[in-house]
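Okay, structure first, notes after.
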Amino acid sequence: MSEIDLRSDTVTKPSDEMREAMATAPVGDDVYAEDPTINRLQELAAELLGFEAGLFVPSGTMGNQVAIWSHTEAGEEVILEGDSHIYIYELATMSAFSGVMPRTIKTDDGVLPVEEVKNSIHPDKYYLPDTGLIALENSHNNQGGRVYPFEEMRELLDYARSVNIPVHLDGARVFNASDASGVPVDELVDGFDSVMFCLSKGLGAPVGSVLVGSEEFIENALVGRKRFGGGMRQAGIIAAAGVYALENNVERLAEDHENARRLAEALKKMGFMITPEPTETNIFFANTTEIGVDAEELAGELKEDGIVIGPRDKENIRFVTHLDVNEEDIDVTIDAIESYLTS
Ligand SMILES: Cc1ncc(COP(=O)(O)O)c(C=O)c1O
């Protein structure tokens, strides 16, 4: 039996059909814009999200950072949430490579209050930095896959437009957010100036993300991608996995959400504290404080049964479902945790 890996949706392996699509993909030199498979992926992504153009990038981090580089000037500030991926997990790259400063707003739910955003923008004085960009995250990784509330997002986008500040979406899991909220993905991202989404998470491709925006923005981002070392050659071989993922693996994200919900509900009955409650997408946190279980010890025991989980410390575990975890795997996991608790 293969391992049941619930640490992240980045652990998926390409299916035989995806590998076949990769092996047979037509390719060319993408620095000359001559890779037909990359061109197709970029067009498909732009069309799906309702933007003029797309750019294939090797990772979500590069997509976010190229977007920041493209939207801003050195010396500006970027407003973003204090637990966002861009702020926590991208190695201060916006400061290192783009010369901009993060201005974070700490929240309990990943949602930026519009009033606080307004207060974070300095008056127009020569001795105060300009705000070059606002960045949101949907779904929010560190908030257990929470979906950004639609109305609050629209209010923020309208405000940003009124003061002429661009807004970028870290939509690594925007297709999860779309499924969970029931809002078609192009409506969900309408009004953003750029969106990055990942092919290599719930969509199951081995590599890659796509950045979408206006033609002018993508022309600039192309320069940024080259500067960041992301100019690729016959990378249609990996873009083919992205095309396959967009054509075959979007609708099934609902199964991951159902699996996460069922697992979370079972853990709740066992005494774990679940966040968010109820779960919204394919990610949730389980806290063991009330049942007095050492999360790291539990992880060690489950590993022996071929179940891999990701404790963050002794009391908190992040669970993530994805296309390599099926309904039966969820049953096996529930049984294994139950028998650990009762043994
Ligand atoms: C919300 C979010 N944004 C961006 C990224 C970065 O993606 P990558 O690992 O491809 O650089 C991740 C990765 O986990 C993520 O969760």
Side-chain angles (χ1 to χ4, degrees), residues 5-14 41 45 49 54-69 78 80-94 96-97 102 104 107 109-112 133-148 153 167-180 185 188-189 192 194-212 221 224-225 228-230 232 235 238-239 241-242 245-246 253 256 260 276 280-285 310 312 318-323:
D5 193 337
L6 293 157
R7 288 170 302 165
S8 174
D9 49 9
T10 57
V11 301
T12 58
K13 308 236 170 78
L41 172 64
L49 274 76
L55 186 68
F56 184 45
V57 286
S59 70
T61 300
M62 187 184 283
N64 282 333
Q65 294 303 326
V66 165
I68 292 170
W69 181 87
V78 174
L80 75 176
E81 203 273 326
D83 263 335
S84 59
H85 192 281
I86 293 178
Y87 182 60
I88 303 276
Y89 300 115
E90 298 187 11
L91 296 123
T93 301
M94 70 166 80
F97 287 13
T104 55
T107 71
D109 55 6
V111 180
L112 293 182
L133 182 69
I134 299 168
L136 306 187
E137 185 172 318
N138 195 15
S139 64
H140 196 300
N141 183 351
N142 260 347
Q143 285 290 341
R146 273 203 171 120
V147 177
Y148 211 101
M153 193 167 73
V167 188
H168 169 71
L169 179 67
D170 176 350
R173 298 182 181 81
V174 74
F175 288 98
N176 295 84
S178 166
D179 175 82
V185 73
L188 199 60
V189 300
F192 283 92
S194 57
V195 181
M196 181 285 293
F197 72 90
C198 292
L199 298 159
S200 59
K201 303 204 160 57
L203 298 181
V207 189
S209 295
V210 185
L211 181 61
V212 296
R225 185 185 69 173
F228 280 64
M232 296 175 283
I238 49 174
L246 287 176
L253 291 171
D256 300 341
E280 296 185 27
T281 58
N282 65 326
I283 306 176
F284 67 89
F285 292 103
R312 293 210 150 178
R318 187 181 78 149
F319 285 92
V320 188
T321 56
H322 50 77
L323 92 174

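We count ligands from 1, going down the list as the structure has it; atoms in each ligand are counted the same way. Counting from 1, the numbers follow the sequence of the chain as shown.
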Polar-atom distance check: [X] versus ligand 1, any N or O pair below 3.5 Å?
X	answer
N141	yes
K201	yes
G60	yes
D170	yes
E137	no

Report the part of [X] in contact with ligand 1, treating N, CA, C, O as backbone and CB onward as side chain, heavy atoms under 4.0 Å; options are side chain, backbone, both, neither.
X	result
T61	both
S59	both
N64	side chain

Please answer whether the main-chain N or O of G145 pairs with a side-chain N or O of T281 as donor and acceptor at a distance below 3.5 Å. yes

Hydrogens and angles aside, do E90 and H85 bring a side-chain donor and acceptor to less than 3.5 Å of each other? yes

Atoms of ligand 1, numbered as shown, that sit under 4.0 Å from any heavy atom of E90: 4 (C)

Flag side-chain contact, heavy atom, 4.5 Å: R173 against D9: yes

So do the side chains of E81 and T104 get within less than 4.5 Å of each other, counting heavy atoms only? no

Restricting to ring-ring contact (aromatic ring centres under 6.0 Å, His included), what partner residues turn up for Y148, sequence neighbours left out? none

Who are the ring-ring contact (aromatic ring centres under 6.0 Å, His included) partners of F284, not counting sequence neighbours? F319

Contact check, M62 vs ligand 1, heavy-atom distance below 4.0 Å: no

Sub-4.0 Å heavy-atom approach of H140 to ligand 1: no

Any idea which heavy atoms bring F97 and W69 closest together, and the distance? O-CD1, 4.2 Å

Residue of the set N142, N64, N141 for which side chain to side chain donor-acceptor pair (under 3.5 Å) holds with Y89: N142

How far is atom 15 (C) of ligand 1 from its nearest protein heavy atom, and which residue and atom is that? H85 CD2, 3.2 Å

